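What follows is a short report on a single structure.
This is a predicted model, so every value here is computed, not measured.
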Amino acid sequence: MDINKFWKAEQDQQYISGMRPVFNRKALFSDTTEDYVSPVEPNAYSEVTIRFRSAKNNIDRVFFVSKGQKHMMLKTESDEYFDYYSHVEQLDNEKLIYHFEIHVGKISCFYDTRGVVKDVNEYYHFQIIPGFKTPAWAKGAVFYQIFVDRFYNGDPSNDVLTGEYQYIGDRTVRVEDWNKYPATMGVREFYGGDLQGVLDKMDYLQELGVDVIYFNPLFVSPSNHKYDIQDYDYIDPHFGKIVNEQGDLLQPGQQENRFATRYINRVSNKENLEASNALFAEVVKEAHRRGMKVILDGVFNHCGSFNKWLDRERIYENAEGYEKGAYIAKESPYHNYFQFYDDNKWPYNGTYDGWWGHDTLPKLNYENSKELENYVLHIAKKWVSPPYNADGWRLDVAADLGHTPEYNHYFWKEFRKAVKTANPDAIILAEHYGSPKDWLQGDEWDTVMNYDAFMEPVTWFLTGMQKHSDDYREDLRGNADSFWGAMRHHGASFTNSSLQTSMNELSNHDHSRFLTRTNRKVGRTNTLGPEAANQGINKAVLREAVVIQMTWPGAPTIYYGDEAGVCGFTDPDNRRSYPWGHEDKELIEFHKDIIKIHKQNKEFLTGSLKYMEADYNVIGYGRFTREEQSIVLINNNDYEITKELSVWYLGIPKECILKRLILTTAEGYTTESKEYPVIAGRVTVTLPPTSAIVLKYNKPVTKNFLHFLR
């Protein structure tokens, strides 16, 4: 016997048995969801447990790195495929910023919000803000945005009348044909939608699966969009109730609204105003009875030239119970609410500062008026308190408020205190373009309308169109690397609390309808005409987008009518009326089914997200918790594809069956279940052209049997 061969064989066996499998980078994972941060929204000065996952027996060490200090994490749990490491951190009252460092033999790497990386970049580090909590009801909630004038006319008696008053150089128009396209200068035409119409359609909203109604502005205003507030204290009677009707329309030749006595009575008579407020309280009460929330649009950067504090239109000059406006008289109690450039122009001083130079949108002058600041904070509290009980605010052009960044941040801190003191469960959601990070530090906004980390990447990838339909980019359509790059970069601005409540929209009142973007026509209604917005559209691409919307982290937000097939170029064409009686019923049923899938599967509400696939016109990702796992695959090509995906990285067993929850195709969609076998941790999926699929692993139900001994 050759003793040397014997020892060599034994040494080889020992080496092989002790050899670690190849370093598995894809198995590394952590984020700030509840599976990896516990508690997920910790209080200041409390302890928080941070977790990190690796493939089983695959790494030597992992360090929690924060503030330049490393803490070796302890392996605290293992299952069939993964090891879980933990670190307990004692919080103070400051933001915790951290990443991970992983060691495997001589190999080392880092892990942050981008995943496995070679270089440290603090912008992409994980963030936990002690004490920052967003409402649980808003995490993954389905929002429905209503532009009230175009939703449903439930009370024709409160309609704005033709010639009722003058606005931006011409008289108001009552639209008689509900299905008419909005005029190019359609700001003064009114279709008659109102709050009674919303009450009448509550069954529809509930059956659709809506969790939250977001109203475009409801307060007294002269335009149909109402972003030029006239009176923050009252709901516009044209949306509410008119119980005291008197006065006249403007007569031929009359150009001044001080003669519009019908309008003046409608919007200044306290009987009408109080009745309208009472109707709004009824709407909120009915929504709450059905399990829905209601949020209001707050326009606090500017008001309107009709506003009672300014009164450029002289509506309140002789109305009973109102002080003189700042335009009317220099000694007005509202003088400092606005910035005037010439002190020698009274009475009727038109030299006030307008937002972006618009004299119909006077800029509110907070820095020079503590009274204004206090009053707006009073308004902020009023509408989220009894008897109205709204569930929060969407804030218009929130980063523009004030004259300096310092005041802007000061005001929103005070606004948050006022709202959360009045209603701790209210949400504060801001309109914002660009990085919102500075405002999402736990003491100002809760979250934002998610343009950069949702609407834009989805739109570019699926359509190649800019969100106003103002540009087409062939290099961005189908560009999966650009999609993932944008999502990772802009998503790093959010903490988990903000991300899970972010308003994920495909369309809204400021941008073209997503369905119109699918035709890839560059232009607007004034250049191409409204019919062009309906031509060449692709509903299959919209279905793909909605599947992404309903399976992506955040609060999916439907712009009224998108679910019924409404098209439209950007403002004002995007504000077409809801097509009652002409709805795309199959598209509505699709929305009902995908909303149901969204709401019934916890991973879509608050679970983790993991990148899985990137190819031309193809993206794939997993949404998962420790208990539930789903896969989403999108094929935006006009041909069939087959993909083999590694799914065990989501916690799916290496040998199991995935069930199809939904498949969308060029022809329509199906929720018929179909089985997809997982073999050696991989699943093969063939997708038809322009399609989306959602697959889910359902754990076998464990049956417990009781045995009785006799």
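With sequence neighbours excluded, the residues satisfying side-chain contact (heavy atoms from CB on, under 4.5 Å) with Tyr410 are Lys370, Glu373, Tyr407, Glu414. Residues that satisfy the ring pair (Phe, Tyr, Trp, His ring centres under 6.0 Å) test with Phe132, not counting sequence neighbours, are absent from this structure. Every residue two or more places apart in sequence or in another chain that forms a ring pair (Phe, Tyr, Trp, His ring centres under 6.0 Å) with Phe126 is listed here: Tyr98, Phe100. In this view, Glu286 and Leu199, Met202, Arg289, Arg290 satisfy the side-chain contact (heavy atoms from CB on, under 4.5 Å) rule, not counting sequence neighbours. Applying the side-chain contact (heavy atoms from CB on, under 4.5 Å) rule to Pro556 yields the partners Val142, Gln549, Met550, His598; only residues at least two apart in sequence or on another chain are considered. Under the side-chain contact (heavy atoms from CB on, under 4.5 Å) criterion, Ala398 pairs with Leu395, Trp412, Ala430, Trp445, sequence neighbours left out. Judged as a ring pair (Phe, Tyr, Trp, His ring centres under 6.0 Å), and not counting sequence neighbours, Phe147 has no contacts. Legend: residues meeting ring pair (Phe, Tyr, Trp, His ring centres under 6.0 Å) with His225, ordered by chain and number and at least two apart, are Tyr227.
Applying the side-chain hydrogen bond (donor to acceptor under 3.5 Å, both in side chains) test to pairs two or more places apart or on separate chains, those with a residue in residues 352-363 are Asn301-Lys363, Arg312-Tyr352, Arg312-Asp359, Tyr341-Asp353, Trp355-Asp400. Sorted by first and then second residue, the salt bridge (charged side-chain N to carboxylate O under 4.0 Å, His left out) pairs with a member in residues 30-42 read Glu34-Lys602, Glu41-Lys139; sequence neighbours excluded.
Relative to the six-membered ring of Tyr84, Arg626 meets both conditions, a distance below 6.0 Å and an angle of at most 45° to the axis. For Lys308 and Tyr322, the positive end is not near the middle of the six-membered ring at less than 6.0 Å and at most 45° from its axis. For the pair Lys70 and Phe110, the cation-pi test (distance below 6.0 Å, angle within 45°) is failed.
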Taking distance alone, no hydrogens or angles, what donor-acceptor pairs closer than 3.5 Å link side-chain atoms of residues 384-392 to residues at least two apart or in another chain?
from   : atom 1 : to     : atom 2 : distance (Å)
Ser385 : OG     : Lys381 : O      : 2.6
Tyr388 : OH     : Asn277 : ND2    : 3.3
Asp391 : OD1    : His288 : NE2    : 3.4
Asp391 : OD2    : His288 : NE2    : 2.7
Asp391 : OD2    : Val294 : N      : 2.8

Pair up each side-chain donor or acceptor in residues 488-495 with any protein partner under 3.5 Å, not counting sequence neighbours, and list the distances.
from   : atom 1 : to     : atom 2 : distance (Å)
His489 : ND1    : Tyr124 : OH     : 2.7
Ser493 : OG     : Tyr123 : OH     : 3.3
Ser493 : OG     : Ser435 : OG     : 3.3

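Side chains of Asn508 and Tyr451: a donor-acceptor N/O pair is present below 3.5 angstrom, by distance only.
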